[in-house]
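Here the structure is a predicted model, which is why all the values come from computation and not from measurement. Naming: A, B, ... by sequence-line order, numbering from 1 per chain.
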Amino acid sequence: MAKTIVWIEDDTDIIDPVVRPLELAGHTFIRLRNAKETLEALDRIRQADLILLDMILPPGQLDREFGRYPGLEVLRELREVHGLKTPVVVLTVVTREEVQQQLRALHVADIVYKPVRPSELRKRVEQVLAAGS
Amino acid sequence: MTQMLAHREDAQKAWLDLFASITGLPIGLFEMHGREPLGIFSQGSLSKFEPHCQLIRSLPGGLAACETDHCLRARRALLQHGNELTLCHAGLYNEAVPVWVRGEVRAVLLYGEMQIDDQEYQRRSLEQHEKAVARLALDEDQAAQVRALLLQAKSYTPDNLQQLRITLPKVEQWFYGFIDQEELLEQHLEKVSHELQTRLQAVIARAENMMLEARDLSSEEVFRGTNDLLSAAEAMGTVVQNLRQSVGEYHFQKERIAPLLYEAKRIYETEAKGRGISIRIDLASADGSTPVLEVSRYHLQNALNNLVHNAVKYSFRPRSGRPRTVNIWGRPGKGCYAITIENYGVGILPEEIASGDIFADGYQGKLTQGEYRTGSGKGLYFAKRVIDRHRGRIKASSRLMSDEADREGQPHLNQFTIYLPYEQSKEGSAGGEDDCMD
């Protein structure tokens, strides 16, 4: 069954092919490119079935500090301030242990490290979608 | 990473030991970890604790009271940023000294456990001490013991304290300089890793998609797909080249400049299309022929790749049907050929151009920091090195295209112009400015 996936990633111009199998499987993507865009798109995110999230994101504005991993701060805000329970799959190069711990505490469903084969990403995302259903 | 942290903590304790053994004073180092300060005391330092403090810590509730008190005073010192003489919960004085690194307070040192040779200070010390005795609910014997030890604690005059205040932060700043460099290196490696992994992700994704869809693709689609794959790999090659300290030997020979520019266009065209941007090239020459310059092809190709990629990366996306173009044009000058790469997008601050900072190793323009993260800050640095080696020049300009006073997020017309001599000097030495004039 086709689902809606919010993909929060600033490098979609470069790595867009990684979600091709998911698109061919019928899933719809909403692409958000920075922290600001994400926090302004809460209504759309609430409608989504899954969030695919990178840790290293531009803030999108300079009058707010997001720290070294804006993706992590965005997720914290989505969970703790806005009460969002949407399943999250993190797709990132960041492997730091303290970041992993914080992600687990924020109830991410899976952490996928780049580079990943598109077929593997599809498998991991669809497992989470199935579990969510 | 855990090993690095352990190594760092060992080094900090060794330094604390050194201080304690030289001064006879216990010293703790406090850094913020999350919302709470976390303190380190070395063994040497713990052994220098005043008998008064050792007794308090051994009593029921005493250790917890001391540790809470340390954290409270450390947090206050971390927030207030100034040197401060603090009074501990049990009546002894400590110096709180913030450690500044690159304009930021990174830690605070608490040292001392002392009395001050001054009536008013001593009065306050006793007052505080009595409160602690009451809080810890000490019996008469215990209270008498700790009071006696309080009065026997080592005493300093205000002048002695001033001497320590001057010396200590300099030593600690030296130490934190190393920590700082370590952290900068770690952050740099993370940026580089991010840039490489992103490019590698593009290669792997395209390759697997082509493999899985190969049977259903037309020959035109196969051609386009393999071209995209090749471009993704070559873009990665440019990133790798930027990271090298040594760029290899230069081999100068006469080359037509057009193929190098068209190659840079080919590598970044897919990414540009993804952003809704087209790349246009227009090269003029004095006699209508394709310009030929004496260049080191491999190096100049990478330099041009960087400049074209920056122009694509920092272009604003099209809005309301307005197309966006990266324009590349060339024109002959006296003794040199000028190539300009122009885009419309994120700007560069005038002071960054005037100072040459934008060409510094690892530098990322301030106006890019809200919008863009991928990038190690190496591209322009590399490009300038190559152009310098070609005895050429590179100039940058960035014109604000709106009426806003604040340039952040505003459109700029950016131009990078490189001036390359037609021929390299036969003597092989760098030429002067006259070799390449507008």
Task: Minimum side-chain heavy-atom gap A/D13-B/R317 below 4.5 Å - done: yes

Task: From A/L91 atom CG to B/Q201 atom CD, the distance as rounded to the nearest 0.5 Å - done: 6.0 Å

Task: A/L24 side chain near B/E213 side chain, heavy-atom distance below 4.5 Å - done: yes

Task: Interatomic spacing from CZ in A/R68 to CD in B/E186 - rounded to 0.5 Å - done: 4.5 Å

Open item on the list: Between A/V19 and chain B, with a heavy-atom cut-off of 4.5 Å, which part of the residue counts as in contact: side chain, backbone, both or neither?
Closed with: neither

TODO: Return yes when atom OH of A/Y113 has more than 12 non-hydrogen atoms of other residues, nucleotides or ligands closer than 6.0 Å, and no otherwise.
DONE: yes

Task: Shortest non-hydrogen separation from B/R206 to A/I14 and the atoms involved - done: NH2-O, 4.2 Å

Open item on the list: Treating B/N209 as the side-chain partner and A/R20 as the backbone partner, does any N or O pair qualify as donor plus acceptor under 3.5 Å?
Closed with: no

Task: Spacing of A/D11 atom CG and B/R199 atom CZ [to the nearest 0.5 Å] - done: 7.5 Å

TODO: Give a yes or no on this: more than 12 heavy atoms of other residues, nucleotides or ligands lie within 6.0 Å of atom CZ of A/R76.
DONE: yes

Open item on the list: Are the side chains of B/H194 and A/D54 in contact, using a 4.5 Å heavy-atom criterion?
Closed with: yes

Task: Closest heavy-atom pair and its distance - B/A205, A/P118 - done: CA-CG, 3.5 Å

TODO: Could you pull out the closest heavy-atom pair between A/I15 and B/T198, with the gap in Å?
DONE: CG2-O, 3.3 Å

Task: Within 6.0 Å of CE in B/M211, more than 12 heavy atoms from elsewhere - done: yes

- [ ] Take atom CZ of A/R117 as the centre, draw a 6.0 Å sphere, and report whether it contains more than 12 heavy atoms from other residues, nucleotides or ligands.
- [x] no

TODO: Work out which heavy atom in A/P115 is nearest to a heavy atom in B/L200; give both atom names and the distance.
DONE: CG-CD2, 3.7 Å

